[in-house]
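Counting from 1, the numbers follow the sequence of the chain as shown.
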Amino acid sequence: MASGASGPAPHESSLLAASEAGWEPESCALPGYREQPAARSCLDWQGASLILMSPGLNLQARAEQEEEFISNTLFKKIQALQKEKETLAVNYEKEEEFLTNELSRKLMQLQHEKAELEQHLEQEQEFQVNKLMKKIKKLENDTISKQLTLEQLGTVSSEAHSNHMSAAEIVRYMDGKCSES
């Protein structure tokens with residue numbers, strides 16, 4: 001019986017109509033049936049039922065074909081989706097590997113730049129320390145020199161005061177002392 005139909009299937013209705021008309025398989029007396037020669041006068045029951053059921057068989061075969069077509073179509077779609085999924089997974093892995101490599105390369109580059117900057121900073125600090133040390137040495141030498149000059153001036157001043165020297169004589173005296181040293 002066909003799904004969703006309320007009455008008998010086509011082959012069942014043909015059999016029902018034949019049996020209501022009084023047809024029996026042994027008599028082969030179908031309504032509107034003309035007698036044939038003796039060899040063909042009677043159809044066997046299976047032959048008659050196959051003839052009567054053939055429209056139902058065609059529908060069943062067609063339904064099976066449609067079912068097989070739908071199954072094949074869905075199977076092909078599933079295979080295509082699986083292939084697409086695999087392709088996406090491979091592409092994702094490639095993209096992930098590319099990004100990882102790119103980030104690693106950038107990290108190495110940054111580490112290299114950092115090391116260069118640290119080295120440059122160290123050199124700059126060393127240069128500045130050396131420059132400051134030279135200035136400190138120079139200032140120390142200047143300070144010592146000025147202290148000596150002050151000490152000499154103190155000595156000269158006391159001598160000049162005791163000898164009653166004039167300012168011009170003190171300057172000449174100091175110039176002589178400075179040129180000696």
Item to check | Modelled atom types, side-chain donor and acceptor of E151 and Q147, under 3.5 Å | outcome: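 Absent: no donor and acceptor within the cut-off.
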In Å, rounded to the nearest 0.5 Å, how long is the span from [atom1] of [X] to [atom2] of [Y]?
X    : Y    : atom1 : atom2 : value
E86  : N91  : CD    : CG    : 12.0 Å
I70  : Q65  : CD1   : CD    : 12.0 Å
L107 : T100 : CG    : OG1   : 12.0 Å
I78  : F75  : CD1   : CZ    : 7.5 Å
H120 : E113 : NE2   : CD    : 13.5 Å
E67  : Q60  : CD    : CD    : 10.5 Å

Checklist entry - Hey, is the main chain of N141 close enough, under 3.5 Å, to the side chain of S145 for a donor-acceptor pair? => result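 Here the side-chain-to-backbone pair does not exist.
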Next on the checklist: Check this for me: does any side-chain nitrogen of one of E102 and R105 sit under 4.0 Å from a carboxylate oxygen of the other?
Outcome noted: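 Result for this pair is yes, salt bridge flagged.
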Item to check | Q123 CD: over 12 foreign heavy atoms closer than 6.0 Å | outcome: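 Yes.
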Next on the checklist: With a 6.0 Å cut-off (strictly less than), is the heavy-atom count around CD of E68, excluding the residue itself, greater than 12?
Outcome noted: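 No, CD of E68 has 12 or fewer neighbouring heavy atoms, counting only those of other groups under 6.0 Å.
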Is there a side-chain contact between [X] and [Y] in this structure, where contact means two heavy atoms from C-beta onward sitting under 4.5 Å apart?
X    : Y    : result
K137 : K134 : no
L81  : K85  : no
M108 : H112 : no
D142 : K138 : yes
L110 : K114 : no
L121 : E118 : no

